[in-house]
Amino acid sequence: MTNDANRTKKDRMRFTKNTVSSTLCYIAILFNVLYFVNIYSSDVGDYFYNINIGMSVIYNLLFLLFTFLCSEGVKNYSKGYSIFTIIIGALQIVRIFEIPMKAHNAIISLNKVDVQVMDDAQFTTVVIFLVISAACCLTAGVIGLVKTTILENYKKETGLN
Amino acid sequence: MASLSLKNLNKIYDNNVQAVFDFNIDINDGELIVLVGPSGCGKSTTLRMVAGLEDISSGTLIIDGKDVTKMPPKDRDIAMVFQNYALYAHMTVYENMAFSLTLLHENPNVIHEKVMAAAEILGLTDQLNKKPKQLSGGQRQRVAMGRAIVRTPKVFLFDEPLSNLDAKLRGATRREILLLHKRLGATMLYVTHDQTEALTLADRIVCMSMGYVQQIGTPLELYDTPANVFVASFIGLPPMNFFDATVCGGKLLLDGGASVSLSDEEAKLLSSYDGKMITLGVRPENITIGDDVKVKVNNCENLGQTTLVHGTMNGHKITAKLREWCNYKHGEEITVSFNRKHFFDKETTNAIR
């Protein structure tokens, strides 16, 4: 890319939104929804009837809220929201080791028959959903951070708003 | 930019109402043509036919040498600016201006450069991140113009773009349009019912009434040598005064008894009308204090540099625009002269030349 084109691209950022990052945030929300729909449709005795699943419901609601806020924030080149989006992405990875991993390893007795709470297929599915959701958040955050830095430097350089 | 040719354009609606009758004009490259006339005269319909928003019932429309009569609007390479701006409320000024080029999948950097250039021309550089609701009427109209400019169309069409603005803003935006035309050198077709806009903007004016073209000419031609009573009454503010008069040798006998003397040239012009009744037209600004006819003053409107004197002359209403500050009282009688007269055939209403 020539210097002129590069400069025009930077200048364009003053008036255009970071739609790539915000779209990635929406995709992250979508895959998180697929994740919890998959988990909450599980019907394996009373394994899920505990405080953890309650906390999971609350976390999912907070995830939806904050990721949506982040989508708006990164769209408007906010450094803070970009960092927050990266944190949310990292937490999505951590979540794999909570409910999915524990449920995959758990075996309960139903009518005196041992049953695996989460079979391999469901485990693979929910892990994929969470990984995609996390990847989208991390990418959105990193792109947001890079673009915001470029834009801030450009504005400083030119003195434009 | 391009030339434009409208040949025998007619518009007949499904209910058999004919809105435009045999419209003919050749518009040169870079010319600003103003269609002017009262509401319902067919000027907007003509513009919409050029834009492709109305089907052409019969006739031919040629843009830049190419027959576009049956061509859909998107292929005509024209841009239209509407009275109500037609901006997208959820988009910023920048996005509104860039939108048409985005639809054409133009390179984003090229779009940016065009939008910035248009914003610079229109003085919108500081407003690019604002939404239309945060702008004044004049600024919104400039955005609408910017949206047209970025497309660099062959022809610009304006459909009463200043009608929604207040008087002060209208004047300022009018001057901006004029500057824009000079700067872009673009072919423009502009519709208005405001004769001031027509006179100040146009290279040539098309005056319309009841679907018919009444006269095409420069602003001065329409003002100075109106083709008929309609054009004479429509162009000029305050409008021209009209009186029925009978040609009698070197004089005009006005309805009601007063008489007006004619110059040799005028008498020669009216020689074939001797003994017949004609319509005499006198612009208010062509009336001065003199010694020809008596006027009974009804009221005066002082406008600073000039005074509008409304009165009656042998029972006929008359308005004079005097170039001095006057304070005539109601009922006072003054004597005036007509400096320049226009003569119209009583039957055809056409100017006698």
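What you see is a predicted model, and the numbers here were worked out from it, not measured in a lab. The figures that follow rest on heavy atoms only: side chains count, while hydrogens, waters and symmetry mates do not. Letters go in sequence order (proteins before strands), and every chain restarts at 1.
Using a 4.0 Å cut-off between charged side-chain N and carboxylate O, A:E98 and A:K102 make a salt bridge.
Residues passing the ring-ring contact (aromatic ring centres under 6.0 Å, His included) test with A:Y40, sequence neighbours excluded: A:F36.
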Should B:V206 and B:V34 be marked as a side chain to side chain contact (heavy atoms under 4.5 Å, CB included) after you check the CA-CA gap, both sets of side-chain angles, and the distance that decides it? CA-CA 6 Å; B:V206 179; B:V34 177; over 6 Å; no
Considering distance alone, list the donor-acceptor pairs between chain A and chain B shorter than 3.5 Å.
unit_1, atom_1, unit_2, atom_2, d
A:A5, O, B:N109, ND2, 3.2
A:T8, OG1, B:E113, OE2, 3.2
A:D11, OD2, B:H112, NE2, 2.6
A:R12, NE, B:N109, OD1, 3.1
A:R12, NH2, B:N109, OD1, 3.3
A:R14, O, B:N129, ND2, 3.1

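Enclosure of atom CE in A:M55 is not indicated, since only 12 or fewer non-hydrogen atoms of other residues, nucleotides or ligands lie within 6.0 angstrom. Counted within 6.0 Å of CG on B:L103, heavy atoms from surrounding residues, nucleotides or ligands total more than 12; the atom is thus considered enclosed.
Although no hydrogens or angles enter the test, the distance criterion places no donor-acceptor pair under 3.5 Å between the side chain of A:S78 and the main chain of A:G73.
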